[in-house]
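Owing to the predicted nature of the structure, the values given are computational and were not obtained by experimental measurement.
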Amino acid sequence: MVEEKTANLEDAYALVAQELVSTVLHNVLSRPSFIAEQGSSENDEAQPQPCCEQPDSDVSIPTTEWPTIESFNKKLAEEKLNEFISTWTYSTSWLYCIDFLTEKEHDFDVRFQFRARFSIPTRRRPIPRTTASVYFTFVISKFKPKTTPVDVFFVVESQRLVHRPGQSLFRERWLQDVVDVKDRVFDAAVF
């Protein structure tokens with residue numbers, strides 16, 4: 001009974017999180033400055049600017065070859081997400097699974113949303129009490145040439161900063177912060 005209520009509560013939280021991610025991405029994609037950036041990137045020499053602080057010059061930001069609009073499908077997207085996450089530097093104690101969340105049709109594009117749910121299972125607690133999610137959105141334009149790679153964005157749960165692969169360096173601390181906050185909330189809650 002308690003497990004069923006917990007599962008229903010998690011589903012409700014997942015829906016709320018999905019709506020928040022959709023709202024954030026919609027706001028970013030409809031910003032005039034974002035549209036201007038996209039329009040000016042037609043020049044091959046133009047380099048995308050990182051959305052975060054510049055890492056040390058010794059550190060390179062890993063990137064992945066994303067599928068083209070023509071070749072995109074859910075299975076390929078999940079494979080590419082696994083490939084992209086494998087470029088991140090984090091402790092081997094973190095495990096993750098990728099779930100397809102939704103496909104939404106918009107006027108100028110179609111957006112596919114995935115969730116990578118990270119946790120640290122242990123022998124004493126093989127099913128962790130808390131998880132940290134990273135939400136990925138693939139934006140498939142209806143008007144760009146079919147050979148153009150899809151646009152990919154990701155947001156870490158409880159953060160508002162929208163990241164683009166190849167422009168920001170993943171930090172394990174982001175996941176740990178989410179798990180720590182959830183642990184504190186669970187410890188403070190009286191059931």
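- Looking only at side-chain heavy atoms (C-beta outward), V156 and V178 come within less than 4.5 Å of each other.
- Between the side chain of K142 and the main chain of H106, a donor-acceptor pair closer than 3.5 Å is present.
- Side-chain atoms of K146 and T68, non-hydrogen and from C-beta on, never get closer than 4.5 Å to each other.
- With a 6.0 Å radius and a threshold of 12 heavy atoms from other residues, nucleotides or ligands, E105 has its CD atom above the threshold.
- With hydrogens and angles ignored, the 3.5 Å screen pairs no side-chain donor or acceptor of S119 with any backbone N or O of P121.
- No side-chain heavy atom of W94 sits less than 4.5 Å from a side-chain heavy atom of I85.
- Applying side-chain contact (heavy atoms from CB on, under 4.5 Å) to F112 and the options V150, T137, I140 leaves one that passes, I140.
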task: Apply side-chain contact (heavy atoms from CB on, under 4.5 Å) to the pair V181 and E157, showing each step before the final yes or no.
output: CA-CA 11 Å; V181 167; E157 178 181 1; over 6 Å; no
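- Annotation: the span from F154 atom CZ to F84 atom CZ amounts to 4.5 Å, rounded to 0.5 Å.
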field: Verdict with supporting geometry, T64 and W66, side-chain contact (heavy atoms from CB on, under 4.5 Å)
entry: CA-CA 6 Å; T64 300; W66 297 104; 4.1 Å; yes
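- Residues Q113 and Y135 form no side-chain contact, since every pair of their non-hydrogen atoms from C-beta on lies 4.5 Å or further apart.
- A 4.5 Å side-chain heavy-atom check between T87 and F170 finds every atom pair outside the cut-off.
- V152 and L76 are members of different hydrophobic clusters when ILVMFWY side chains are connected at heavy-atom separations under 4.5 Å.
- Using a 4.5 Å cut-off between side-chain heavy atoms of Ile, Leu, Val, Met, Phe, Trp and Tyr, F108 falls into a hydrophobic cluster with F143.
- Within the 4.5 Å cutoff, the side chain of W174 has heavy atoms near those of the H163 side chain.
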- request: Evaluate side-chain contact (heavy atoms from CB on, under 4.5 Å) for E103 paired with V110, printing each intermediate quantity in order.
  value: CA-CA 7 Å; E103 174 183 342; V110 180; 3.9 Å; yes
query: After noting the C-alpha distance and the side-chain angles of S141 and I69, does the key distance pass the side-chain contact (heavy atoms from CB on, under 4.5 Å) rule?
result: CA-CA 7 Å; S141 173; I69 293 171; 4.2 Å; yes
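- The hydrophobic clustering, which links ILVMFWY residues whose side-chain heavy atoms are closer than 4.5 Å, places F100 and I98 together.
- To the nearest 0.5 angstrom, Q176 atom CD is 14.0 Å from Y90 atom OH.
- Side-chain atoms of L81 and F138, non-hydrogen and from C-beta on, do get closer than 4.5 Å to each other.
- Counting only heavy atoms from C-beta outward, the side chains of W88 and V134 approach each other to under 4.5 Å.
- With values rounded to the nearest 0.5 angstrom, R129 atom CZ is found 13.0 Å from I120 atom CD1.
- The structure places CD of E172 at 10.5 Å from CG of D177, a figure rounded to the nearest 0.5 Å.
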